[in-house]
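Below is one structure, written out as structure tokens; comments come after it.
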Amino acid sequence: MTTCDLKYDVIVVGAGHAGCEAALAAARMGCRTMLLTINLDAIALMSCNPSIGGLAKGHLVKEIDALGGEMAKNIDATGIQFRILNTKKGPAVRASRAQADKQLYRLRMKRVLEQQTNLDLKQGEVISLCLDGGEVHGVKLRSGISYLSKTVVVTTGTFMRGLIHIGLNNYPGGRAGDQPSIGLSDQLREFGFHVGRLKTGTPARLDARSIDFSKLESQHGDSPPRPFSFSTERISMPQLPCHIAYTNQRSHDIIRSGLDRSPLYSGIIEGIGPRYCPSIEDKVVRFPDKDRHQTFIEPEGLDTIEVYPSGMSTSLPVDVQIAFYRSIVGLECVEIMRPAYAIEYDYVDPIQLHSSLETKMLQNLYHAGQINGTSGYEEAAGQGLIAGINAALRVKGREPLVLTRSQAYIGVMIDDLVTLGTKEPYRMFTSRAEYRLLLREDNADLRLRDIGHQLGLVSEQEYLAFVDKRDSIGAEMERISTTRLHQSEKVVEILTRLGLQDIQNGTTLEQLLKRPEVSYDELAELDLVSRETSAIIREQIEIQTKYKGYIDRQMEQVEQAKKLEASRIPDEFDYSTVKSMTTEVREKLSKNRPDTLGQASRIPGVTPAAISILSIALKSSSRKSS
């Protein structure tokens, strides 16, 4: 085994969405970084749906951008349809989504990585980690070379012992067309990590020329399209429509007829699939009374005839796939260009991680993405960004960045993973966040931009633009709270037209805006200065004013929880010494090894009484050690 003379600060294994963010973050923070991948032509490849965002996922992308990550900028530069979802609902659950040009997305991300200083890209398969005692200090490749580093971030996606299933046929693969990673998960298992098996899947890719789109319902994006990144001024890519189609009873009959050859129902697939994104055969079996299932026929790019039927993933044999797709109205003559498949892969239970995403068993080793049991590009990218940041901070001898549940959806996701673990692919939802009114898409920069700038991930130009925005919001909030309405003849006329005859003379603009029937647009009719306020500032003023009472209430809840979140539990703390706790609670805490009292309080079965006892025990232990 040959060892390379050059020693890195950070080595990132895997160049999916987690790996790209991890490598860029570490390099941008000044660390000598290497990104290792089995195939350099598949960097940031969208193996499943070529889209970014969606419910709760859009929140993650906005937070990645606010911290200085790349995903939002990449989709803004390559997106071919943008939509804001849940526009009729409150601001906490509104979400952005964009369809990407699949090839342009990966090519742009590869270009960004190649042009990044402090970052080397290399192709190779990592088969094991280099260890020195309980610390990781490099990786070994199948080619016979070892690279040494101070930290390693593992972002292997679906590649660890990946196995692809199409009907009763299966073969090794990290995804269609790429070889799997063999050896690494076996070594992790030998080190004592709990390694499990998960499953995911993807629909077929269809030939658009063989689809009668006149029979389908068109769905266009928003006009004008709204960017993901806080730094993007406008979207310049051409925009394309998607189309809606539906399965029918004939489709479902065809699917049922093929279940005996489905690896999912014949017991061949052992891994647990995603609860919230089931295969079409799973939908048909689990919901037998449902007459039809919707699919969006989405283009894979501007210069390709391949389209993607979302929600139609399957592992059925190819002949059943052809028959079932052709049973859909508009797809009667459809041709499959790439068959759908399911894939099984190894993951490592994330309960074995600190909140920094460093493993508890081995120092200097970080896990991010699907190796932690998550599903989705956005979940992976958020973890990759944090893992890359914390690997770099470890190199610099600084404390790790841990985002709390009240700061970011990224914080909610990581806390869920490291506190509860997961037995099935984890997906982000707004319902997972108890402070979701504070964690909106629109204020991600107000929450996280300062942190990104302090880390060196947000440029000075971007930060100055943010400061100007933040100052403008503050100034406008102050202005409307002190500016009073004077009822001139014109003002009375406008109020009457708006049905606001009960408004008293001297009412502040803030009081007026708090009324549910008054938007900032109505305010602008009554107030000359308000007409000059930009759309972005208007949005913030309206949300912060109308939801002030609810926001203040959640802020009070956050303050109450801070004491528990700030109370750290030493890594070596012996729970068996706390005899006044039940045996069950001691066993749960010993298994989970929470980092803080806050984390401990969220472990199922750990009662508030147990937390009080543990708090007293920690204080007693601290006094004895001092």
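As a basis for the values below, the full set of heavy atoms in this structure was taken, side chains included, without hydrogen atoms, waters or symmetry mates.
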Asn372-Thr374 side chain donor-acceptor pair, cut-off 3.5 Å: no
So, Glu379 side chain and Met428 main chain: donor-acceptor pair closer than 3.5 Å or not? yes
When you compare the side chains of Asp260 and Tyr265, does any donor N or O come within less than 3.5 Å of an acceptor on the partner? no
Stepwise side chain to side chain contact (heavy atoms under 4.5 Å, CB included) check, Leu353 with Tyr366: CA-CA 8 Å; Leu353 298 173; Tyr366 298 78; over 6 Å; no
Are Thr247 and Gln294 linked by a side-chain donor-acceptor pair shorter than 3.5 Å? no
Can you name the nearest heavy-atom pair linking Pro50 to Pro299, along with the distance? CG-O, 4.4 Å
Charged N-O contact under 4.0 Å between Glu306 and Lys102: no
Pairwise side-chain contact, His165 with Ile343, heavy-atom cut-off 4.5 Å (strictly under): no
Are Glu298 and Arg83 close enough for a salt bridge, meaning some N to O gap below 4.0 Å? no
Under 3.5 Å, is there a donor on one side chain and an acceptor on the other for Ser210 and Asp207? no
Between Gln116 and Arg28, is there a side-chain donor-acceptor contact under 3.5 Å, judged purely by atom types and distance? yes
For Arg197, is there an ion pair with Asp346 - N to carboxylate O distance below 4.0 angstrom? yes
Considering only NZ, NE, NH1 and NH2 on the basic side and carboxylate oxygens on the acidic side, decide whether Arg226 and Glu441 come within less than 4.0 Å. no
Decide whether a cation-pi geometry holds between Arg538 and Tyr520; the criteria are a distance under 6.0 Å from NZ or CZ to the six-membered ring centre and an angle within 45° of the ring axis. no
Any side-chain donor near an acceptor of the partner, Thr158 and Gln370, under 3.5 Å: no
Salt-bridged, Glu70 to Lys110, with N to O below 4.0 Å? no
Testing Ser96, Pro227, Pro225 for side chain to side chain contact (heavy atoms under 4.5 Å, CB included) with Phe82, which one passes? Pro225
Would you call Arg405-Asp416 a salt bridge at under 4.0 Å N-O? yes
For Asp253, is there an ion pair with Arg256 - N to carboxylate O distance below 4.0 angstrom? yes
Output yes when Arg449 and Glu63 qualify as a salt bridge under the 4.0 Å nitrogen-oxygen rule, no when they do not. no
In plain terms, say whether Glu332 and Lys215 are close enough for a salt bridge, that is, a side-chain N and a carboxylate O under 4.0 Å apart. yes
Do NZ/NE/NH1/NH2 and the carboxylate oxygens of Arg205 and Glu300 come within less than 4.0 Å? yes
Hey, is Asp445 close enough to Lys469 for a salt bridge, meaning N to O under 4.0 Å? yes
